[in-house]
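Pasting in a structure now, in structure tokens, and then I'll have a few things to ask.
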2 protein chains.
Amino acid sequence: MLGQDDDGCCPALLTAPMDEGQAVGLAKVFKALGDPVRLRLLSMIASRAGGEICVCDLTPAFDLSQPTISHHLKLLKQAGLIDSERRGTWVYYRLLPEMTDRLAAILADRPNAPESEARAHA
Amino acid sequence: MLGQDDDGCCPALLTAPMDEGQAVGLAKVFKALGDPVRLRLLSMIASRAGGEICVCDLTPAFDLSQPTISHHLKLLKQAGLIDSERRGTWVYYRLLPEMTDRLAAILADRPNAPESEARAHA
DNA sequence: TTTCTGTATCGATGTCTGTCTATGCAAGCT
DNA sequence: AGCTTGCATAGACAGACATCGATACAGAAA
């Protein structure tokens, strides 16, 4: 979905000029992250112990209507950042770490970057 | 600008619920990345040998007007992703790797992530 | 100074997006 | 069956955004 380069992994963002198609795919994911509400939703989902959280726990955390929250969750899901599963009455959302890992790799892979030690925490 | 946590480095996105202020700041940066044209501009700037590129080399690479390219460059600059310098007639843009490194660290730092080996390339 | 070229800003316009209310659907309960 | 609750979808609307042409500004050259 993001557009693959030769090694079948990730489109190069910072090390080589990106073509239109790759840019469109990658922009979709970043656009999904470009809203404070969706960022907080993703944060609540990812940080939840157990790896998943019920929509019923997400909705009351915001000063927004339930359909609005549902809409944002849909966009995050379409971006490949989260997935959902219905269990009985409730729907649970969980992080898809493959996507965030991929974005991290794309952003860390730049010319002259320290080899495998580009993480700012270190 | 992104909102700092206790260690003075990065807001936690995936390991702890993010507060409103942090989310607003971080969303601004991701929103800047959420457009195919800006992504390609950033890619051309970052991948350029020498670390910088003239606007005069960027503009003709797109099927867009010069003011539109200028506008996108402004947004990338306001997001802290690039910086510019005028030298004579021409203006040169360069990547600010601190910001992309920061985003990479934020996205790589998730619960149960393999220690310092979260890069998808490996 | 005048002119020319490269870049940024301004104002207008069409499209996209975040939000709402109203409604539909799914699942459990009585 | 009917009711109730949790979540998603549909349609509407205001504000934001990408794009354009026109114009202003900066620097070099004549």
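Lettering of chains follows the sequences in order, A, B, ..., and the numbering in each one begins at 1.
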Do the side chains of L73(A) and I45(A) get nearer than 4.5 Å, heavy atoms only? yes
So which pairs with a foot in residues 29-49 of chain B pass side-chain hydrogen bond (donor to acceptor under 3.5 Å, both in side chains), sequence neighbours left out? E20(A)-R40(B), R38(B)-H72(B), R48(B)-D57(B)
Counting distance only, does the side-chain N/O of T100(A) pair as donor-acceptor with the main-chain N or O of P97(A) below 3.5 Å? yes
Residues joined to Y92(A) in its hydrophobic cluster, side chain to side chain under 4.5 Å directly or through other members, sorted by chain and number, are W90(A)
Let me check something: any side-chain donor-acceptor pairs from residues 64-71 of chain A under 3.5 Å, sequence neighbours excluded? List them with distances.
residue	atom	partner	partner atom	Å
S65(A)	OG	T68(A)	N	3.4
S65(A)	OG	T68(A)	OG1	2.9

Opening and closing nucleotides of DNA chain D in contact with chain A, under 4.0 Å to non-hydrogen atoms: dG6(D) to dT9(D)
Nucleotide by nucleotide, nucleotides 4-19 of chain C touches protein heavy atoms under 4.0 Å in the pattern (B base, S sugar-phosphate only, - none) --SBBB-------SSB
For R94(B), side chain to side chain contact (heavy atoms under 4.5 Å, CB included) partners two or more places apart: E52(B), D83(B), L96(B)
Test item: L103(B) and L26(B) side chains (from C-beta on) under 4.5 Å apart, heavy atoms: yes
